[in-house]
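This structure is a prediction, so every number in the text was calculated from the model and none was measured.
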Amino acid sequence: MKPTLLVCFTLLLSPLICHAVQLSDYDADVAALLLEYQGDGDVAALLREYQGTTASSAMARPSVLTIKEQDDASTYVDFERGIILIETPDKVLLKEAIVQVLLTQIDPKLIDAKTAQDFGLVNKGKKPFFWGQIRDHQGEAIEYSWRAERFADYLIKHKLSQDSRVRVAIHMVAEHTKIAGGKYIHYSQAASRRYGVSTELIMAIMETESSFNPMARSRSNALGLMQVKANTAGRDYFSLIKGYKHTPSSAYLYDPQKNIDLGTGYLQILSKRYLVGINHPKKLEYAMISSYNGGSGNLWKSLDPQANRTKAIARINKMSVSEFYWFLTNRHIRGETRNYLKKVSSKQKKYAHL
């Protein structure tokens, strides 16, 4: 019989859900870790996703920042789950890596955006990137070296996992997403005023796209907080808003302020150019969200066999708001887009006060 781990988790107001994980599908070290972390589903899931990856291939989800150091240290920052997994060859390097993570700035303007090779940059004039999102064993936010080193010692003593390598998993606080998103509200509000797109929509899209990981990069090379593709949305933004042809660089798109401005500008382009003719503002918003993810062309294809824009818009305008939402979440030709609209719409509620 193959060794099997039963992984169980609960959903709100739902019964216990379980699925079997075949441990033989994983390397021996990873299988052992899965058993060790079976009580912590989030850490086990992160291990399953990233076992055996390299710096260039570990891009399965934009919400995860992966750093591979030259000394064979690896750090996985899962912005969505609120977990940081650090592993190194020995305890000395592990302590150094933990302190580095706790005090780093993760400043996209200053580090190598492609490889994050300068991850760990410390600016004594600024609070660390994870300040408030991580608290030590005494419940205190970590700002200075002495507290970071003390917490690292505590983690190594009480939370260490060890086989051929040593590792610790650091859990962020429950409200980590709110704290992370708070850094970008002022940029979103400025973009909202500039382009006439609601702040709540900008923030909901940003959370859905990257979980507020400023270094997010997808397999399709969508970059930054709002997961902008340079050769599509980026070119449209410069051509139609800035007034000249240009393809933004990776460094440009990793800059939070510029990324938010560009992503919001593209939402305006969708509403004022590609989706013009949709009469009801809420239906227009739903179309914007779906098209931000799946493109306006796929929206027309979902509504008309020949992807005729005029016929598709006429059909949209005949639907009620609830009918159009149902159509997009049940009949859009892309499953990812059907789920994307649900996610963004549900997240908008938490930002309605902005």
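Taken to the nearest 0.5 Å, the CG atom of L275 stands 13.0 Å off from the NZ atom of K283. Atoms CD1 and CG, from I202 and L354 in turn, are 10.0 Å apart once rounded to the nearest 0.5 Å.
By the criterion of side-chain heavy atoms lying less than 4.5 angstrom apart, applied directly or through intervening Ile, Leu, Val, Met, Phe, Trp or Tyr residues, Y187 is grouped together with I185 in one hydrophobic cluster.
A donor-acceptor pair is defined here as one N or O able to donate and one able to accept, closer than 3.5 Å; no such pair exists between the side chain of T104 and the backbone of V101. With S239 contributing its side chain and R235 its backbone, the two residues share no donor-acceptor pair below 3.5 Å. No side-chain donor-acceptor contact under 3.5 Å links S63 to the backbone of S210. In this structure, S345 contributes its side chain and K342 its backbone to no donor-acceptor pair below 3.5 Å. Of the possible polar contacts, none joining the K311 side chain to the Q306 backbone as a donor-acceptor pair under 3.5 Å is found. With hydrogens and angles disregarded, no donor-acceptor distance shorter than 3.5 Å links the side chain of D304 to the backbone of W300. Between the side chain of N279 and the backbone N or O of N317, no donor-acceptor pair lies under 3.5 Å. When atom types are taken as modelled, the side chain of R165 and the backbone of D72 share a donor-acceptor pair closer than 3.5 angstrom. Looking only at distances, no side-chain donor or acceptor of D261 sits under 3.5 Å from a matching main-chain atom of A191. A donor-acceptor pair is defined here as one N or O able to donate and one able to accept, closer than 3.5 Å; no such pair exists between the side chain of K301 and the backbone of I333.
Considering V99, I134, I98 as possible partners of F151, the one that fulfils the side-chain contact (heavy atoms from CB on, under 4.5 Å) test is I134.
In this structure, the side chains of V228 and L223 stay at 4.5 Å or more apart for every pair of heavy atoms. Residues V64 and N213 have side chains not in contact (no heavy-atom distance under 4.5 Å, counting atoms from C-beta outward). Using a 4.5 Å cut-off on side-chain heavy atoms (C-beta onward), E285 and Q348 make contact. Contact of the Y292 side chain with the E209 side chain is registered, since non-hydrogen atoms from C-beta on lie closer than 4.5 Å. The closest side-chain heavy-atom distance from Y325 to M319 is not below 4.5 Å.
Geometrically, K183 engages F129 in a cation-pi contact, judged by NZ or CZ lying under 6.0 Å from the ring centre and within 45° of the ring axis.
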- Task: List the steps and the verdict of ring pair (Phe, Tyr, Trp, His ring centres under 6.0 Å) for Y237 and Y252.
- Result: CA-CA 13 Å; Y237 169 85; Y252 186 100; 7.1 Å; no

- Would T247 and N231 count as a side-chain hydrogen bond (donor to acceptor under 3.5 Å, both in side chains) if you check the C-alpha gap in whole Å, the side-chain angles of each, and the deciding distance to 0.1 Å? CA-CA 6 Å; T247 302; N231 60 354; over 6 Å; no

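With no hydrogens or angles considered, a side-chain donor-acceptor pair links D236 and Y274 at under 3.5 Å. When only modelled atom types and interatomic distance are considered, E207 and Y351 share a side-chain donor-acceptor pair under 3.5 Å.
Using a 30° and 60° split on the angle between ring planes, F324 and F327 fall in the parallel class, below 30°.
Legend: residues meeting side-chain hydrogen bond (donor to acceptor under 3.5 Å, both in side chains) with Q227, ordered by chain and number and at least two apart, are absent.
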